[in-house]
Amino acid sequence: KICCLEGYWTQNMRDSFSLNPFLKAIGWMLEKKVRVAHRHISSVQELDYYVKFPDGLVHKDPYLAGIDCFYLAAHGKPGGLKTYTSDIESEELISAFSWLHQGFNIVFFGACEIFAGEEGKRFAMEFLRKTGTVAVLGYSEETTFVDGLVIETLWLTRFFETEGNKFEQLQEIYDGVIRDYPRAIDCCGFSM
């Protein structure tokens with residue numbers, strides 16, 4: 001199961017681009033049932049509405065029990081997400097996901113520069129320590145849409161096609177993406 005919380009990519013009211021069809025296609029590509037929950041977010045209040053424990057919608061819907069991957073796709077900045085209404089700061093992200101230690105899951109930040117500089121590195125380490133998630137993934141550099149789509153497709157498809165305990169094989173999955181798409185490190189600063 002994957003829960004995608006996606007920021008809006010532009011302020012253009014006619015632009016309805018979303019990663020939702022891409023995520024649904026992962027199951028089709030793998031010929032596996034991959035459950036996808038998707039919502040757009042534009043503030044910390046919306047983030048909390050969906051994921052904060054115990055009242056967030058992901059905790060009330062039995063369809064979503066046992067989410068493997070939280071995928072936050074938005075514009076980024078060191079240690080946070082940028083939305084068109086307000087930024088979501090590192091402390092707010094950590095607070096929203098402070099319950100993750102209750103299960104096996106990862107958080108994939110599909111957001112440029114979220115791990116950039118000292119602030120980004122500090123955020124990644126604090127997020128891991130304070131939420132108890134198994135792993136976080138993201139970028140330390142500005143990433144083109146195409147590079148991000150390639151990296152995220154490679155990583156997510158390999159994650160969901162892995163047999164057995166995929167959480168014990170995260171390093172192998174990550175290393176395979178880097179081996180097959182060196183731009184992930186060279187140009188995007190993709191890290192886990």
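Everything numeric in this text was worked out from a predicted model, so none of it was measured.
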Without hydrogens or angle criteria, can the side chains of [X] and [Y] be said to hold a donor-acceptor pair below 3.5 Å?
{"X": "E6", "Y": "Y71", "value": "no"}
{"X": "Q169", "Y": "N165", "value": "no"}
{"X": "E126", "Y": "S90", "value": "no"}

Fill in: Validation row, ring centre Y84 to ring centre Y8 under 6.0 Å
no
Worksheet item: When the aromatic ring centroids of F190 and Y181 are compared, is their separation below 6.0 Å?
Response: no
Find out if a path of hydrophobic residues (ILVMFWY) with successive side-chain heavy-atom gaps under 4.5 Å connects [X] to [Y].
{"X": "F160", "Y": "V36", "value": "yes"}
{"X": "V134", "Y": "F109", "value": "no"}
{"X": "F70", "Y": "Y50", "value": "yes"}
{"X": "I88", "Y": "Y139", "value": "no"}
{"X": "F53", "Y": "I41", "value": "yes"}

Worksheet item: With sequence neighbours excluded, what pairs up with E168 under the salt bridge (charged side-chain N to carboxylate O under 4.0 Å, His left out) test?
Response: none
How long is the straight-line distance from [atom2] of [Y] back to [atom1] of [X], given to the nearest 0.5 Å?
{"X": "L64", "Y": "L57", "atom1": "CG", "atom2": "CG", "answer": "8.5 Å"}
{"X": "T157", "Y": "I26", "atom1": "OG1", "atom2": "CD1", "answer": "6.5 Å"}
{"X": "I2", "Y": "K24", "atom1": "CD1", "atom2": "NZ", "answer": "12.5 Å"}
{"X": "L5", "Y": "H38", "atom1": "CG", "atom2": "NE2", "answer": "8.0 Å"}
{"X": "F108", "Y": "F159", "atom1": "CZ", "atom2": "CZ", "answer": "11.0 Å"}
{"X": "L100", "Y": "T133", "atom1": "CG", "atom2": "OG1", "answer": "5.0 Å"}

Item to complete: Give the C-alpha distance, both sets of side-chain angles, the deciding distance and a yes or no for side chain to side chain contact (heavy atoms under 4.5 Å, CB included) between D68 and N105.
Response: CA-CA 5 Å; D68 299 298; N105 47 57; 5.9 Å; no
Pairwise side-chain contact, [X] with [Y], heavy-atom cut-off 4.5 Å (strictly under):
{"X": "I178", "Y": "I185", "result": "yes"}
{"X": "L128", "Y": "F123", "result": "no"}
{"X": "E141", "Y": "C112", "result": "no"}
{"X": "K82", "Y": "K77", "result": "yes"}
{"X": "L93", "Y": "L47", "result": "yes"}
{"X": "F145", "Y": "W9", "result": "no"}
{"X": "H75", "Y": "T83", "result": "no"}
{"X": "L137", "Y": "I106", "result": "yes"}

Worksheet item: V136 pairs by side-chain contact (heavy atoms from CB on, under 4.5 Å) with which of V107, I114, T131, L72?
Response: V107
Discussion item. Between F127 and F115, is the ring-ring contact (aromatic ring centres under 6.0 Å, His included) condition met? List the steps.
Written reply: CA-CA 11 Å; F127 192 93; F115 295 159; 8.9 Å; no
Worksheet entry | Test side-chain hydrogen bond (donor to acceptor under 3.5 Å, both in side chains) applied to S95 - qualifying residues, sequence neighbours left out | K52
Item to complete: For E118, enumerate each residue passing the side-chain hydrogen bond (donor to acceptor under 3.5 Å, both in side chains) test, keeping only those at least two apart in sequence or located in another chain.
Response: none
Worksheet item: So V44 and S86, side chain to side chain contact (heavy atoms under 4.5 Å, CB included) or not? Walk me through it.
Response: CA-CA 8 Å; V44 69; S86 64; 5.7 Å; no
Answer yes or no: is there an ion pair linking [X] with [Y], defined by an N-O contact shorter than 4.0 Å?
{"X": "D147", "Y": "R183", "result": "yes"}
{"X": "E163", "Y": "K32", "result": "yes"}
{"X": "D180", "Y": "R158", "result": "yes"}

Discussion item. Is it the case that over 12 heavy atoms from other parts of the model lie below 6.0 angstrom from the CE atom of M29?
Written reply: yes
Worksheet item: In this structure, are over 12 heavy atoms from other groups packed under 6.0 Å from K1 atom NZ?
Response: yes
Worksheet item: Parallel, tilted or perpendicular: which fits the ring planes of H59 and W99, with parallel below 30° and perpendicular above 60°?
Response: perpendicular
Item to complete: Measure the acute angle between the ring planes of F104 and F167, then classify it against the limits of 30° and 60° as parallel, tilted or perpendicular.
Response: tilted
Worksheet item: Taking all non-hydrogen atoms of both residues, which atom of H40 and which atom of E46 are closest, and how far apart?
Response: O-OE1, 4.1 Å
Fill in: Distance-minimising heavy-atom pair for S140 and A116
O-CB, 3.2 Å
Item to complete: Go through Y49 and D55 one step at a time and tell me if the side-chain hydrogen bond (donor to acceptor under 3.5 Å, both in side chains) criterion holds.
Response: CA-CA 7 Å; Y49 178 75; D55 298 321; over 6 Å; no
